[in-house]
Amino acid sequence: FSEITPNSVTDALLLGVPVLCTQETALFEKFQNEVLFFDPLHDEELRGKLKYILNPSHRAELQQKIRSVAFLQRSWEDAAGEWLDLFEEI
């Protein structure tokens with residue numbers, strides 16, 4: 001069972017929480033640098049990624065990358081403005 005676009009990943013990113021996720025998701029291409037992805041068929045890969053994410057300096061590095069994600073910088077006003085622009089075009 002796999003979620004194609006898990007909201008839990010984007011929710012965690014919005015909170016600045018580093019994420020470990022299977023690569024069997026539509027988010028793989030968008031967040032390759034900000035999320036630790038692993039092949040669910042390789043236990044050793046999962047173990048390695050868990051050890052990595054539990055290391056405080058690596059977590060800090062991931063949190064810095066997360067802060068640079070563009071969609072995390074958008075306000076509700078930005079999103080509403082984009083929708084209004086779209087409706088005006090139509």
Side-chain angles (χ1 to χ4, degrees):
F1 184 113
S2 176
E3 246 187 293
I4 299 302
T5 308
N7 287 336
S8 56
V9 171
T10 53
D11 291 345
L13 293 174
L14 286 167
L15 294 172
V17 176
V19 177
L20 182 61
C21 182
T22 67
Q23 64 191 28
E24 308 299 324
T25 173
L27 300 176
F28 181 71
E29 289 183 14
K30 181 158 182 67
F31 297 115
Q32 288 182 46
N33 297 316
E34 297 82 12
V35 174
L36 289 179
F37 291 99
F38 66 94
D39 184 338
L41 301 177
H42 293 96
D43 295 344
E44 285 301 317
E45 185 177 353
L46 173 57
R47 275 190 208 95
K49 298 286 175 99
L50 278 170
K51 287 179 182 178
Y52 184 90
I53 205 169
L54 292 173
N55 178 301
S57 63
H58 293 155
R59 284 180 62 83
E61 176 187 322
L62 287 169
Q63 288 171 321
Q64 182 61 36
K65 289 179 180 180
I66 290 168
R67 283 192 279 279
S68 70
V69 175
F71 86 88
L72 299 177
Q73 311 301 321
R74 292 175 60 225
S75 68
W76 283 107
E77 289 80 16
D78 295 335
E82 290 171 13
W83 279 104
L84 287 173
D85 291 344
L86 176 65
F87 290 137
E88 288 174 0
E89 285 182 27
I90 297 173

- Any link between Leu84 and Ile90 through a network of hydrophobic side chains (Ile, Leu, Val, Met, Phe, Trp, Tyr) touching at under 4.5 Å? no

- Donor-acceptor contact present, side-chain Thr25 to main-chain Phe28, <3.5 Å: no

- Message: Please give the remaining members of the hydrophobic cluster of Leu20, linking ILVMFWY side chains under 4.5 Å, ordered by chain and number.
- Response: Leu36, Phe38, Leu46, Leu50, Tyr52, Ile53, Leu54, Leu62

- Query: Where the side chain of Asp85 meets the backbone of Glu82, is there a donor-acceptor pair that is under 3.5 Å apart?
  - Reply: no

- Task: Could you grab the distance from atom CG of Leu27 to atom CD of Gln32, nearest 0.5 Å is fine?
- Result: 11.5 Å

- Which atom pair, heavy atoms only, marks the closest approach of Glu34 to Lys65? CG-O, 3.6 Å

- Query: At what distance, to the nearest 0.5 angstrom, does CD of Gln63 lie from CG of Leu13?
  - Reply: 11.0 Å

- For the residue pair Cys21 and Val35, what are the closest heavy atoms and their distance? CB-CG1, 4.0 Å

- Sequence neighbours left out, what passes side-chain contact (heavy atoms from CB on, under 4.5 Å) with Gln64? Give chain and number order. Arg67

- Query: CD of Gln23 to NE2 of His42: how many Å apart, nearest 0.5 Å?
  - Reply: 9.0 Å

- Does one side chain, of Glu24 or Thr22, offer a donor that lies under 3.5 Å from an acceptor on the other? no

